[in-house]
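Written below as structure tokens is the structure these notes are about.
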Number of protein chains: 2
Amino acid sequence: MTETTETRVERKERTRRAILDATLVLCEESSLVALSLRQVAKQVGIVPTAFYRHFESIESLGLALVDESFVSLRAMLRDVRRHDPTYRDIVDQSVDTLVSHVRKERQHFQFIVRERAAGPLAVRAAIRHQIELSERELATDLARLPGTDTWSPEDLQVLSSLIVTAMVATAEDILVAVGRPDAEKAVAERARTQLRMVIIGALNWRSES
Amino acid sequence: MTETTETRVERKERTRRAILDATLVLCEESSLVALSLRQVAKQVGIVPTAFYRHFESIESLGLALVDESFVSLRAMLRDVRRHDPTYRDIVDQSVDTLVSHVRKERQHFQFIVRERAAGPLAVRAAIRHQIELSERELATDLARLPGTDTWSPEDLQVLSSLIVTAMVATAEDILVAVGRPDAEKAVAERARTQLRMVIIGALNWRSES
DNA sequence: AGTTTGAGTGTACGTATGTACACCCAAAGC
DNA sequence: GCTTTGGGTGTACATACGTACACTCAAACT
């Protein structure tokens, strides 16, 4: 018998976490907009009305999950940045990091990918905003790389938007392929090739326009 | 008084259409998985049980809408193909065609974009399959263009997947920007730049690997 | 003309939904 | 020690849900 007398805030935090986790589980095969407060409560093991002690609506629950998801996503981006930027290796590193993070944070990625297109309006807006922030971060990173000296800020932004789009699509494909190692490898290989194509296009860009 | 005595199949087809249209309207601010048969019936103006005369479930309704949506999408792709392939103009043509088709078939695009990520399993699978077909079609088109003679079929497939991904993302952005002409222009301009970057990358590809 | 067919109706059910309200009781604060 | 606070409970209700079943009635078939 582990007699851990919990403090009040600890207990509250624990059920809050349980609600977030339960929602991620339930969202694996549905979506926030098709999720009822009662389903969540049942999954958590609390009575429906207790839900309101933590969130005022499913929508605000969703916003909390968006914040949480992007915390781990930013951790991933920091991982990518930590490695030194040799042009060839940066691609392998980035894709590998993406694959492993999607696997580790499967539920969060799935949540983001799904609610980005189908969630409540405020949730969709929040995700769009976060992705836009990521694009800007990537743009400033790209600006530090050799060969981008002559680029305009606008073109850098456009390029990073293209890269983020491709990586989001790759994350989606990994989620579909998860559990089938050969399919996962194929997705990763394709992502690497696409990134290289984009980089080559970028390196030859200014000389063209 | 227009006394058009309808034939029986005409009448059936008319309510079937009404159901499809009503669903597209209701899906504009929600999703198939959050849609009830009764909502659809009410919107159409029939009694709930009458729904079953046309579809056996919301899911099969969704599959019908997927088919329908991709008919118009393929019409768009035919439009793109009709124009002669000068490398510079092909980009402008394609993006313009995309923008105008998304505007004209707004509901269908919105439906596809949303249900692709959040719809019932079978619907998601159907959409993935259709997009994969589009990628392959694009790949065979690309193979006919000058400069791709030395390409492997795999690389062509990878390239067209990248292009389709970018165009899907562009369609999403147009849907968000719709009604704000300046935002629409910005999205179109960005899509053009991205397509050019990709093409430049592609043209310099074989010499790299 | 008489019969069959089938889209659409109306009623009826068990179940799930969001939320209001009064309640409990242990940790927190005095 | 007594009071306050607040997470969690239980009951209750109006509403919405999917679907079963028995029905109508005009077009279609014979």
Side-chain angles (χ1 to χ4, degrees), chain A residues 1-23 25-65 118-123, chain B residues 1-23 25-65 118-123:
Chain A
M1 195 91 179
T2 49
E3 270 290 336
T4 30
T5 23
E6 273 177 319
T7 171
R8 224 137 114 156
V9 289
E10 280 172 353
R11 172 145 183 78
K12 173 151 192 182
E13 179 52 31
R14 193 163 59 90
T15 41
R16 189 189 138 95
R17 250 278 44 91
I19 291 175
L20 293 169
D21 290 342
T23 306
V25 169
L26 292 172
C27 275
E28 281 189 58
E29 49 209 272
S30 181
S31 158
L32 267 188
V33 291
L35 204 60
S36 73
L37 185 156
R38 284 179 116 103
Q39 278 175 60
V40 176
K42 183 180 284 183
Q43 177 86 11
V44 174
I46 57 175
V47 93
T49 45
F51 175 91
Y52 293 112
R53 302 289 183 192
H54 303 274
F55 301 97
E56 69 171 3
S57 65
I58 293 281
E59 177 171 307
S60 69
L61 205 195
L63 292 175
L65 280 172
L121 211 78
V123 172
Chain B
M1 195 88 185
T2 49
E3 270 290 336
T4 31
T5 22
E6 274 178 318
T7 171
R8 224 135 116 156
V9 289
E10 279 172 352
R11 172 145 183 76
K12 174 152 192 182
E13 178 52 31
R14 192 163 61 90
T15 43
R16 189 190 139 96
R17 249 281 42 92
I19 291 176
L20 293 169
D21 291 342
T23 307
V25 169
L26 292 173
C27 275
E28 282 188 58
E29 51 209 87
S30 180
S31 157
L32 266 189
V33 292
L35 204 61
S36 74
L37 185 156
R38 284 179 115 102
Q39 279 174 62
V40 177
K42 183 181 284 183
Q43 177 86 12
V44 175
I46 57 175
V47 94
T49 45
F51 175 91
Y52 292 112
R53 302 289 184 192
H54 303 273
F55 301 98
E56 70 172 2
S57 65
I58 292 281
E59 178 171 306
S60 69
L61 205 195
L63 292 175
L65 280 171
L121 211 77
V123 172

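Below, read A as the first sequence line, B as the second, and so on, with proteins coming before strands; counting in each chain starts at 1.
- Residue S36(A) places at least one side-chain N or O closer than 4.0 Å to OP1 or OP2 of dT17(C).
- If you measure from atom CD of E6(B) to atom P of dA28(D), you get 10 Å, rounded to the nearest angstrom.
- In this structure, OH of Y52(B) is placed 15 Å from P of dT9(C), rounded to the nearest angstrom.
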Letter by letter from the 5' end, nucleotides 1-13 of chain D scores (B base, S sugar-phosphate only, - none; protein heavy atoms under 4.0 Å) ----BSBBBB-B-
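- For F55(A) and dT19(C), the CZ to C1' distance is 18 Å, given to the nearest whole Å.
- Looking at residues two or more places apart in sequence or on another chain, you find no salt bridge (Lys or Arg N to Asp or Glu O under 4.0 Å) involving R53(A).
- Between E56(A) and K42(A), the one whose closest nucleotide on DNA chain C sits nearer the 5' end is K42(A).
- Note: CD (E10(B)) to P (dA7(C)) measures 15 Å, nearest angstrom.
- Take the nearest nucleotide of DNA chain D for L37(B) and for T7(B): the residue whose nucleotide is more 5' is L37(B).
- Annotation: salt bridge (Lys or Arg N to Asp or Glu O under 4.0 Å) contacts of E59(B) (sequence neighbours excluded): none.
- By the side-chain contact (heavy atoms from CB on, under 4.5 Å) test, T49(B) pairs with V47(B), sequence neighbours left out.
- Remark: P of dA16(C) and CD of Q43(A) are 16 Å apart, rounded to the nearest angstrom.
- Every residue two or more places apart in sequence or in another chain that forms a salt bridge (Lys or Arg N to Asp or Glu O under 4.0 Å) with E28(B) is listed here: R106(B).
- Regarding contacts with the backbone of dT17(C), a side-chain N or O of Q39(A) is found under 4.0 angstrom from either OP1 or OP2.
- Pairs of residues two or more places apart, or lying in two chains, that qualify as side chain to side chain donor-acceptor pair (under 3.5 Å) and include a residue from residues 32-45 of chain A are S36(A)-Q39(A).
- Of all heavy-atom pairs between A18(A) and V44(A), the closest is O-CG2, 3.7 Å.
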